[in-house]
Amino acid sequence: MVIRTRFAPSPTGFLHIGGARTALFSWAYAKKHGGKFILRIEDTDVERSTPEAVQAILDGMHWLGLDYDEGPFYQMQRMETYKKVLQTMLDKGTAYHCYCSKEELDALRESQMQQGLKPRYDGRWRPETGKTLPQIPTGITPTVRFKNPQTGVVAWNDLVKGRIEIANAELDDLIIARADGTPTYNFCVVVDDFEMGITQVIRGDDHVNNTPRQINMLMALGATIPEYAHLSMILGDDGQKLSKRHGAVSVMQYHEDGYLKEAVLNYLARLGWSHGDAEIFNMQQFCEWFDLDHITPSAAQFNTEKLNWLNAHYIKEATLDALAEDISTRLQANIHKASGAPDLKAVLNLYRERANNLNQLANDVTYFYALPQASAADVEKHITPEIMPAMQKLHQQLAHIEWTAEAIHQAINAVVTEFGLKFPKLAMPLRVMLTGIAQSPSIDQVMALLGQNETLSRINAYLK
RNA sequence: GUCCCCAUCGUCUAGAGGCCUAGGACACCUCCCUUUCACGGAGGCGACCGGGGUUCGAAUCCCCGUGGGGACGCCA
């Protein structure tokens with residue numbers, strides 16, 4: 001059997017971290033089994049769906065490299081299909097018209113809640129042999145409801161949660177088409193999963209409660225029931241639920257915030273899934289290893305610290321070309337392209353090991369291209385009057401040497417020896433003068449890249 | 001309220017009855033490396049929610065609590 005999975009977001013917002021993980025798992029499952037991954041846009045909520053959101057989802061998936069084999073399919077473009085199926089169900093009696101008004105339904109719900117009952121449709125328009133239906137009111141266009149079985153249980157073996165069983169008595173007859181004729185979510189999903197031949201439905205576990213209804217409809221349509229895998233949710237860094245109001249950000253925000261897609265992908269893969277002790281792996285490896293058996297059924301808390309660690313790893317792993325290309329866009333106004341400016345790749349090669357974020361990396365190397373401003377505290381602490389004679393001497397020496405890290409190192413050493421100092425005593429003020437801060441890679445290497453003229457000029461600014 | 005789901009270090013997790021005096025990773029702490037800060041290396045701290053069973057034996061199976069979450073829309 002050919003494996004077919006799908007990712008079916010509703011375009012009511014950007015692609016967030018939870019959606020991205022669902023997409024990643026569905027994608028990987030298809031890849032692993034040589035199957036097809038399908039993208040389906042569930043845009044039947046005309047009120048809230050927007051073309052911008054569709055684009056945002058497409059952009060997010062593209063950035064992460066989650067390519068789909070079929071689609072994107074848009075449900076709004078499949079209306080004819082839904083209507084046809086709807087009519088068939090009406091004809092077969094597995095669905096029926098309901099003339100309740102919204103107000104009537106609201107009142108029903110409220111009174112049930114008050115009585116401590118589970119709010120549900122009471123079946124007043126459900127046709128039954130020997131039952132007399134109410135008088136059809138005028139001026140009300142009916143909705144269509146699915147005639148759910150009233151006895152027995154629906155059960156399925158959830159691929160991540162195990163067997164789940166729900167009594168049909170808990171389920172009511174849900175609306176599958178609105179009064180305006182448009183089909184609703186649960187119905188569209190069923191028709192699409194059926195017609196698109198989906199074999200494994202991998203989705204968020206907020207859909208667990210929809211599953212029994214969907215299975216019942218699938219059975220009414222005579223369809224094969226796909227397997228289901230419900231993924232637990234991802235909590236924010238603080239353990240709180242992610243929502244638009246709290247912590248949920250677009251995956252594209254991670255790009256803007258300085259994360260490599262490799263890090264985000266690797267991190268997401270490990271959130272809720274594991275392969276023994278494996279922590280670092282690429283997507284090819286992931287697709288080989290991925291399986292549904294090793295998904296945790298419990299919710300996972302997002303941990304930015306660990307993402308940072310992975311990001312640091314992938315920054316070290318990146319090719320210098322790719323890194324330079326990225327950092328180049330994060331550096332302000334092409335400052336690194338001025339003639340005589342230090343080579344960005346060489347600079348990044350010196351700095352990549354100490355970065356866990358691309359924006360931070362860009363910020364760290366900016367002083368190579370723009371004069372830094374040291375803090376008064378650093379100046380006071382390191383550039384002391386006592387060190388100035390030695391610095392003066394070093395400045396003279398540096399003007400006459402071959403500009404290599406080794407020669408620079410020797411020059412500093414010579415001055416240090418001559419003045420009876422420890423190396424850092426001279427290296428620290430140099431750091432502050434040249435980089436603007438008290439932390440940097442080996443100062444001789446920094447100087448070698450900064451260039452002789454620029455180095456002498458920056459030191460000189462403090463000698464006056 | 002009703003139904004459903006979940007429960008191992010602070011966090012992500014390994015664990016499918018004996019291999020567990022519970023393993024790995026992030027974070028944290030100590031030491032080493034060192035030209036500062038990082039990186040890297042070596043150590044350390046740190047968990048089976050509680051109570052009952054079942055069993056020769058339970059983190060693993062069952063039940064009950066407790067705690068957390070989700071769902072109950074003419075939203076998806």
Side-chain angles (χ1 to χ4, degrees), chain A residues 8-12 42-45 47-49 75 98 100-102 105-106 109 112-120 141-145 158 160-162 164-167 169-172 174-186 188-189 204-212 230 232-233 235 237 239 241 267 270-280 293-294 296-310 312 316 351-356 364 382 409 412-413 416 422-428 430-432 435 437-445:
Chain A
S10 65
T12 53
E42 311 220 316
D43 54 358
T44 51
D45 184 352
E47 304 278 297
R48 298 196 301 159
S49 297
Q75 289 187 323
C98 169
C100 286
S101 65
K102 280 183 188 172
L105 260 14
D106 288 343
R109 241 192 305 275
Q112 287 168 328
M113 288 281 243
Q114 272 177 356
Q115 293 172 61
L117 298 170
K118 185 172 183 165
R120 45 142 73 109
T141 39
T143 58
V144 178
R145 286 186 187 269
D158 197 277
V160 349
K161 292 180 186 293
I164 299 180
E165 184 181 290
I166 293 176
E170 292 295 330
L171 273 21
D172 63 359
L174 72 158
I175 290 177
I176 58 178
R178 303 177 180 91
D180 67 5
T182 59
T184 60
Y185 167 76
N186 276 295
C188 295
V189 167
D205 78 355
D206 47 333
H207 289 287
V208 167
N209 297 274
N210 292 322
T211 307
H230 288 101
S232 291
M233 48 187 277
L235 273 18
D237 250 323
K241 186 193 170 186
Y267 180 73
R270 277 291 286 107
L271 208 53
W273 175 84
S274 63
H275 182 76
D277 289 341
E279 293 287 352
I280 291 176
D293 311 335
H294 290 83
T296 331
S298 55
Q301 188 171 320
F302 196 89
N303 185 214
T304 304
E305 299 277 11
K306 191 159 181 179
L307 207 212
N308 288 343
W309 168 71
L310 280 167
K316 283 179 214 156
Y351 265 86
R352 65 194 313 187
E353 291 219 328
R354 50 219 306 127
N356 65 15
D364 284 351
H382 300 287
H409 187 81
I412 299 174
N413 252 336
V416 157
K422 295 272 191 198
F423 196 97
K425 205 71 186 148
L426 196 53
M428 291 310 293
L430 267 178
R431 255 191 195 97
V432 174
T435 73
I437 57 172
Q439 300 84 240
S440 83
S442 288
I443 196 62
D444 40 31
Q445 295 200 52

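Residue numbering restarts at 1 for every chain, and letters A, B, ... go by the order of the sequence lines.
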Rounded distance in Å - NZ (A:Lys161) to P (B:A16): 21 Å
Sugar-phosphate, base or nothing in reach of A:Ser232, heavy atoms under 4.0 Å: nothing
Nearest-angstrom distance from the residue atom CG of A:Asn209 to P of B:C5: 10 Å
Sugar-phosphate only, base, or nothing, as touched by A:His409 at under 4.0 Å among non-hydrogen atoms: base
Distance, P atom - from B:C39 to B:G46, rounded to whole angstrom: 24 Å
Under 3.5 Å donor-acceptor, A:Thr184 side chain and A:Ile175 backbone: yes
A:Arg431 side chain near B:U35 phosphate (N/O to OP1/OP2, under 4.0 Å): no
Sugar-phosphate, base or nothing in reach of A:Gly239, heavy atoms under 4.0 Å: nothing
Separation of the C1' atoms in B:C62 and B:U55, to the nearest angstrom: 12 Å
For atom CD of A:Gln301 and atom P of B:G69, their distance in whole Å: 12 Å
Quiz item: A:Asn210 side-chain donor-acceptor pair to B:A76 base, under 3.5 Å: yes
Sugar-phosphate, base or nothing in reach of A:Cys188, heavy atoms under 4.0 Å: nothing
